[in-house]
Number of protein chains: 2
Amino acid sequence: MVGTASAGTTPGRTSSRRQRRHEATAEEIRQVARELMARDGTSSLNLRAVAREMGMTPSALYRYYASRDAILTALIIEAYDQVGETVEQAIAAAPLDASSTRILAGVHAFRRWAVEHPHEFGLIYGTPVPGYEAPRTESLSAAMRTGAAMFGELVRAVDSGLLVPPDDDTVPAELHPSLRELLLDPRAELPISAVALAVQFWMVLLGALSSEVFGHKPEPLAGGETGRLFFDYTIRQTLIAMGMARNAVEAGVSPPA
Amino acid sequence: MVGTASAGTTPGRTSSRRQRRHEATAEEIRQVARELMARDGTSSLNLRAVAREMGMTPSALYRYYASRDAILTALIIEAYDQVGETVEQAIAAAPLDASSTRILAGVHAFRRWAVEHPHEFGLIYGTPVPGYEAPRTESLSAAMRTGAAMFGELVRAVDSGLLVPPDDDTVPAELHPSLRELLLDPRAELPISAVALAVQFWMVLLGALSSEVFGHKPEPLAGGETGRLFFDYTIRQTLIAMGMARNAVEAGVSPPA
DNA sequence: GATCAATCGAGAACAACGTTCACTTTGATG
DNA sequence: CATCAAAGTGAACGTTGTTCTCGATTGATC
């Protein structure tokens with residue numbers, strides 16, 4: 001559809017001049033689409049408006065994307081990648097000490113991205129928009145990125161003894177198969193209960209962020225600085241509840257606003 | 001707009017024959033709209049399709065609703081009310097013993113409604129659809145209903161000593177004003193920390209449900225019975241983390257599937 | 001450098017959508 | 001019966017996403 005490998009002179013060189021120009025225009029389309037979505041508030045992409053903004057004809061866009069949904073899908077994948085990279089970098093930049101600092105760095109980077117890009121957050125973590133638009137195969141790896149980064153930090157906390165999950169028999173036996181299935185990589189040093197904790201942590205995280213971004217949280221707590229503080233407090237409480245030592249949690253420093 | 005009191009013969013009688021017929025048609029519109037949304041999967045209401053299904057002209061619908069958004073708003077308010085009543089009844093029907101049974105009854109009723117009405121759940125707890133469609137004044141009381149019911153049970157648990165919240169000074173001082181503001185009704189026997197717990201519990205609940213309904217949760221745990229079990233487990237863990245006695249939580253019985 | 005095919009873009013057209021407006025029909029009320 | 005507001009029709013308007021045809025532009029090839 002969108003330029004597979006061409007029969008160029010040098011077969012290894014996949015980016016001919018044409019292809020680069022093509023990709024540049026495609027990126028401009030995505031960029032303008034993002035801007036319009038942010039400006040008009042609505043999260044429904046207007047194809048003709050994008051063309052108008054670019055000084056093009058609506059039909060010309062079809063040289064770059066097969067449909068409106070295809071553009072949306074591209075935006076979704078890009079958003080997944082963007083937030084994933086943001087969180088990864090925030091974690092990597094934090095010190096590797098025996099505290100919750102790294103985890104806090106990750107979740108705060110996630111929250112910051114979410115409140116700064118509410119429409120893109122809604123695109124990927126909100127109501128699935130059309131029927132089902134996400135071609136799982138393409139977007140799955142991108143979608144997992146943020147979760148994988150956070151999961152990695154939890155594993156590290158468990159490995160280093162910072163977080164001690166409860167006994168496996170505290171989680172209902174019926175759930176064990178499903179939880180074990182989650183660890184595709186069966187290097188599973190991780191106890192089942194820790195996997196359950198990871199999923200629960202993810203749910204709390206998503207719940208906190210979507211409550212705030214979508215306005216389903218009581219107003220007084222949704223604001224900028226207050227929202228950030230309450231988020232921080234909630235995450236720390238959750239970590240303690242998960243079995244991380246209280247002093248390790250409190251020793252963790254949150255990134256500045 | 002939609003039939004205020006008419007100058008009928010009996011001024012006290014607000015429902016003349018006409019008005020009843022009017023309301024009946026309006027309800028049919030809502031009903032058909034709900035069915036189409038469920039059938040076509042999409043959560044974007046198609047006005048002309050509704051009219052078609054009813055054997056009417058699209059313009060005729062405007063005798064009943066001022067716009068497409070008005071219908072959506074009506075659906076949203078109705079959904080709020082429906083889930084609110086469902087949860088209220090489930091709680092009321094549960095025994096008043098010294099366990100988590102009532103809370104479990106409430107959250108399971110919530111979950112059941114959510115998975116059985118995914119589109120309506122998305123309508124009220126998903127991405128806000130257009131710019132901002134919800135006229136707060138009208139829908140606020142309906143929107144609060146479910147949360148208020150759950151909140152009431154938490155208060156009861158605190159009052160009866162079943163749930164002992166941590167000291168107030170464990171929650172950051174900067175958050176106290178906002179949290180106190182949440183208790184409009186200043187009969188506030190409730191400690192600030194309990195308010196924080198209530199909000200957090202709400203976030204976990206919403207996070208768990210939207211993860212499952214919107215498919216943002218790892219697949220193995222999203223299924224029907226497994227999903228229900230994991231949800232139950234998560235809620236119980238959360239209650240324990242909040243300070244409810246472990247044996248009281250475990251003594252609670254969940255409603256059957 | 002001329003040639004040729006692939007690409008790019010324009011422009012008109014189509015169906016479908018939400019909405020408006022002028023009009024008939026209808027059915028209860030004086 | 002006469003009246004008059006409500007209910008409903010049908011045509012129209014401005015949008016939207018999408019398709020198709022047809023020139024123009026471009027980049028590689030002889």
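Surrounding CZ of B:Arg228 are more than 12 heavy atoms belonging to other residues, nucleotides or ligands, all under 6.0 Å away.
Between A:Arg17 and D:dG27 there is a side-chain polar atom (N or O) within less than 4.0 angstrom of OP1 or OP2. Residue A:His22 has a polar side-chain atom (N or O) positioned under 4.0 Å from OP1 or OP2 of C:dC8.
B:Arg63 places its CZ atom 11 Å from the C1' atom of C:dT20, with the value rounded to the nearest Å. As a whole-Å value, the separation of A:Met56 CE from C:dA10 C1' is 10 Å. The distance from atom CZ of A:Arg21 to atom C1' of D:dT25 is 11 Å, rounded to the nearest whole Å. Rounded to an integer number of Å, the gap from CD1 of B:Ile29 to P of D:dG8 is 9 Å. As rounded to whole Å, 15 Å separates atom C1' of D:dT9 from atom CE of B:Met54.
The backbone N or O of B:Val83 sits nowhere less than 3.5 Å from a side-chain atom of B:His117 that would complete a donor-acceptor pair.
Considering only side-chain atoms of B:Arg18, the nucleotide from D:dG10, D:dG8, C:dG27 that sits closest is C:dG27.
Heavy-atom minimum distance, B:Gly224 versus B:Arg111: O-NH2, 3.4 Å.
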Go through the steps to decide whether B:Thr146 and B:Phe110 satisfy the test side chain to side chain contact (heavy atoms under 4.5 Å, CB included), and finish with yes or no.
CA-CA 8 Å; B:Thr146 303; B:Phe110 195 0; 3.9 Å; yes

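Annotation: side chain of A:Trp113 is in contact with side chain of A:Gln82 (closest heavy-atom distance under 4.5 Å).
For A:Thr234, the side-chain contact (heavy atoms from CB on, under 4.5 Å) test picks out A:Val204, A:Phe230, A:Thr238, B:Gln200, B:Met203, with sequence neighbours left out.
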Using a cutoff of under 3.5 Å, can you pull out all pairs of nitrogen or oxygen atoms linking the protein to nucleotides 14-18 of chain D, with atom names and distances?
unit_1	atom_1	unit_2	atom_2	d
D:dT16	OP1	A:Asn46	ND2	2.8
D:dT16	OP2	A:Arg52	NH2	3.0
D:dG17	OP1	A:Leu45	O	3.2
D:dG17	OP1	A:Leu47	N	2.8
D:dG17	OP2	A:Asn46	OD1	3.4
D:dG17	OP2	A:Leu47	N	3.1
D:dG17	OP2	A:Arg48	N	3.0
D:dG17	N7	A:Arg48	NH1	2.5
D:dG17	O6	A:Arg48	NH1	2.9
D:dT18	OP2	A:Tyr62	OH	2.8
D:dT18	OP2	A:Arg68	N	2.7
D:dT18	O5'	A:Tyr62	OH	2.9

